[in-house]
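Worth knowing before you read on, the calculation uses all heavy atoms, side chains too, and leaves out hydrogens, waters and symmetry mates.
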Amino acid sequence: MPGEFEKHTRCWMLWPERKDNWRCDAKPAQKAFALVAKAISQFEPVSIGVSTRQFEAAVRHLPSTITLVEMESDDAWMRDVGPTFVKNQGGDVRGVDWGFNAWGGLNGGLYFSWDKDEKVAGAVMENQKIKGYKAPFILEGGSIHTDGDGTLITTEQCLLNPNRNPSLSKARIETLLKEYLGVETILWLGQGVYMDETDGHVDNLCCFIKPGEVLLTWTDDRSDPQYEISCDALERLSNARDAKGRKLFIHKIHQPGPLYISAEESRGIEQIGQTMQREPGARMAGSYVNFYIANAGIVMPLFDDPRDTEAITIVKALFPKRKVIGVPAREILLGGGDIHCITQQQP
């Protein structure tokens, strides 16, 4: 599995429409997704899977330079339901089609059913005429980051959660990751970002910016539950060695907020059966680490927060050869994720 900072052929997304997750018939979310797609399209081609029902709406929101592909899904998290792409030394690209159970199945999952989501990876590979491998276990793309140099980073909270693969030991999960992604070393962090409903996806907490360097979500507020989580991650990363035997260089970026769902935002979401919890006053797992690394750019979330300016400055310093574009992303965060979660790079 290449690092995200390596060359892409295109970026894949899905179009949001789920009324029990996206407020006001998903119209604010659709505007936010369109801004992300337009920003990424400055650097690489973008393809978006869109249902037949929403095709005309997507056409209205998006420029003709963005490719729309008719594709059914249960929600819009391409990172988690789409294929994870791998590449061999000859440059041949394949896709890994993970099992998916909506972040926990009947034991804490966010919705039922997820039948359409399970078909997305295959549909993407078929569209691109790419062969793939069906993995024999549950995994979401947002739960892993790689450095393209043999090292993978993940969290125990997610991959060892009994609502994913209760019959698999930690050692067996490591073996499967090595077999399907061509990695040699697994770095295990503990918890993900506080109140992350994905059970702690690593892409909201920490990412590789290049081999040997990571960026970690941080807070200076010792009373915030995120403080102990980030301190634990810092300690584990500080003691780690990557697949090449290197100690990691660790950068910190302060979290926004904390951010909470407003009463108005909560009222705009329809309650339909088993659904995500979007109650007023609920804390959201906001993070500046949840950005997308494009071919010559970075598309990162902004939250109309006092920390936004500092976050952009840090990311620009870390990626001096890439153009950094900040996109208002609160509407995406309201749905339970952010820019990295709604995108998937194809090498």
Self-check item: Stepwise side chain to side chain contact (heavy atoms under 4.5 Å, CB included) test for Trp22 and Ile269
Solution: CA-CA 6 Å; Trp22 308 105; Ile269 300 168; over 6 Å; no
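- For the pair Val46/Ile48, a side-chain contact is recorded, criterion being any heavy-atom separation below 4.5 Å from C-beta on.
- A cation-pi geometry, defined here as NZ or CZ lying under 6.0 Å from the six-membered ring centre and within 45° of its normal, does not hold between Arg283 and Tyr194.
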Quiz item: Should Val36 and Met13 be marked as a side chain to side chain contact (heavy atoms under 4.5 Å, CB included) after you check the CA-CA gap, both sets of side-chain angles, and the distance that decides it?
Solution: CA-CA 10 Å; Val36 172; Met13 298 175 63; 4.1 Å; yes
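- Between atom CG of residue Leu159 and atom CG of residue Leu168 there is a gap of 10.0 Å, rounded to the nearest 0.5 Å.
- For Asp308 (side chain) and Ala311 (main-chain N/O), no donor-acceptor pair under 3.5 Å exists by modelled atom type.
- The aromatic rings of Phe319 and Phe291 sit perpendicular, their planes meeting at an angle over 60°, well past the 30° parallel limit.
- Between Asp224 and Arg222 there is no salt bridge, since no side-chain N of the basic residue sits under 4.0 Å from a carboxylate O of the acidic one.
- The aromatic rings of Phe249 and His251 sit tilted, their planes meeting at an angle between 30° and 60°.
- At least one side-chain heavy atom of Asp149 sits less than 4.5 Å from a side-chain heavy atom of Arg246.
- Of the inter-residue distances, the one linking Asn295 atom CG with Arg322 atom CZ reads 7.5 Å to the nearest 0.5 angstrom.
- Taking every heavy atom of both residues into account, Ala233 and Leu205 meet most closely at CB-CD2, 4.4 Å.
- Within the structure, every pair that satisfies the salt bridge (Lys or Arg N to Asp or Glu O under 4.0 Å) test and touches residues 168-181, not counting sequence neighbours, is listed here: Glu156-Lys170.
- Nearest heavy-atom pair across Val327 and Ala39 is CG2-CB, 4.2 Å.
- Enclosure of atom CD in Glu70 by more than 12 non-hydrogen atoms of other residues, nucleotides or ligands within 6.0 angstrom is indicated.
- The closest donor-acceptor contact from the side chain of Asp338 to the backbone of Asn290 lies at 3.5 Å or more, if one exists at all.
- At distances below 3.5 Å, at least one donor-acceptor pair connects side-chain atoms of Thr151 with backbone N or O atoms of Ala243.
- With 3.5 Å as the limit, one finds no donor-acceptor pair spanning the side chains of Glu4 and His145.
- Distance check: Leu248 CG to Leu216 CG gives 11.0 Å after rounding to the nearest 0.5 Å.
- At least one donor-acceptor pair under 3.5 Å links the side chain of Asn165 to the backbone N or O of Ile138.
- Under 4.0 Å is where a charged nitrogen must lie from a carboxylate oxygen, and between Glu310 and Arg307 at least one such pair does.
- When all heavy atoms are compared, the tightest approach of Gln157 to Gly192 is OE1-N, 2.7 Å.
- A donor-acceptor contact shorter than 3.5 Å is absent between the side chain of Asp117 and the backbone of Val81.
- Under the 6.0 Å cut-off for aromatic ring centres, Phe85 and His8 do not qualify, their centroids lying 6.0 Å or more apart.
- Side-chain atoms of Ser41 come within 3.5 Å of backbone N or O of Lys38 as a donor-acceptor pair.
- Inspection of the Arg60 and Gln30 side chains reveals no N or O donor paired with an N or O acceptor under 3.5 Å.
- Between Asp97 and Lys134 a salt bridge is recorded (basic side-chain N to carboxylate O distance below 4.0 Å).
- Ion pairing of Glu17 with Arg53 is present here, as a side-chain N (NZ or NE/NH1/NH2) and a carboxylate O approach within less than 4.0 Å.
- Between Asp92 and Lys87, every side-chain heavy-atom pair lies at or beyond the 4.5 Å cut-off.
- Contact annotation: the side chain of Arg10 approaches that of Ser47 to within less than 4.5 Å [non-hydrogen atoms, C-beta and beyond].
- The closest donor-acceptor contact from the side chain of Thr343 to the backbone of His340 lies under 3.5 Å.
- Note on Arg164 versus Asp199: salt bridge recorded, some NZ/NE/NH1/NH2 to OD/OE distance being below 4.0 Å.
- Between Glu265 and Ser262, the side chains place a donor N or O and an acceptor N or O closer than 3.5 Å (distance only, hydrogens not considered).
- Residues Phe137 and Leu139 are in side-chain contact: their nearest non-hydrogen atoms beyond the backbone lie under 4.5 Å apart.
- Between the side chain of Glu279 and the backbone N or O of Ser266, no donor-acceptor pair lies under 3.5 Å.
- Checked by atom type, the side-chain pair Thr198/Asp196 shows a donor-acceptor distance below 3.5 Å.
- Salt-bridge annotation for Asp232 and Arg236: present, with a side-chain N of the basic residue lying under 4.0 Å from a carboxylate O of the acidic one.
- With sequence neighbours left out, Asp25 forms a side-chain contact (heavy atoms from CB on, under 4.5 Å) with Lys19, Lys27, Glu270.
- No more than 12 heavy-atom neighbours from other residues, nucleotides or ligands sit within 6.0 angstrom of NZ on Lys323.
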Exercise. Walk me through it: do Arg94 and Met125 pass the test side chain to side chain contact (heavy atoms under 4.5 Å, CB included)?
Key: CA-CA 8 Å; Arg94 298 286 184 266; Met125 289 187 282; over 6 Å; no
Self-check item: Trp188 vs Thr154, side-chain hydrogen bond (donor to acceptor under 3.5 Å, both in side chains): CA-CA, chis, key distance, verdict
Solution: CA-CA 5 Å; Trp188 290 92; Thr154 188; over 6 Å; no
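- Interatomic distance, CG of Leu187 versus CZ of Phe208, reported as 5.5 Å (0.5 Å rounding).
- Heavy-atom minimum distance, Pro301 versus Ile339: N-CD1, 3.5 Å.
- By the 4.5 Å heavy-atom criterion applied to side chains, Ile298 and Phe5 are not counted as neighbours.
- Judged purely by atom type and a 3.5 angstrom limit, Ser287 uses its side chain to pair as donor or acceptor with the backbone of Asn204.
- A distance-only check finds no donor-acceptor pair linking the side chain of Arg79 to the backbone of Glu140 [under 3.5 Å].
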Exercise. Kindly indicate, with the supporting measurements, whether the criterion side chain to side chain contact (heavy atoms under 4.5 Å, CB included) is fulfilled by Ile144 and Leu181.
Key: CA-CA 10 Å; Ile144 55 174; Leu181 298 175; 3.7 Å; yes
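- Looking at heavy atoms from C-beta onward, Ser238 lies in side-chain contact with Ile250 at the 4.5 angstrom threshold.
- From Glu235, atom CD reaches atom CG of Leu189 across 11.5 Å, with rounding to the nearest 0.5 Å.
- The heavy-atom pair separating Cys231 from Trp218 by the smallest distance is SG-CH2, 3.7 Å.
- Looking only at side-chain heavy atoms (C-beta outward), Met284 and Ile261 come within less than 4.5 Å of each other.
- In this pair, Phe100 and Tyr111 present their aromatic rings tilted. The plane angle is within the 30 to 60° band.
- Between the CD1 atom in Ile229 and the CD atom in Gln226 there is a gap of 4.5 Å [rounded to 0.5 Å].
- Residues Gly200 and Thr155 approach most closely at O-OG1, 2.7 Å, considering heavy atoms.
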Self-check item: Intermediate values then yes/no, side-chain hydrogen bond (donor to acceptor under 3.5 Å, both in side chains), Glu197 and Trp103
Solution: CA-CA 8 Å; Glu197 64 188 18; Trp103 309 277; over 6 Å; no
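- Under 4.0 Å is where a charged nitrogen must lie from a carboxylate oxygen, and between Glu6 and Lys210 no such pair does.
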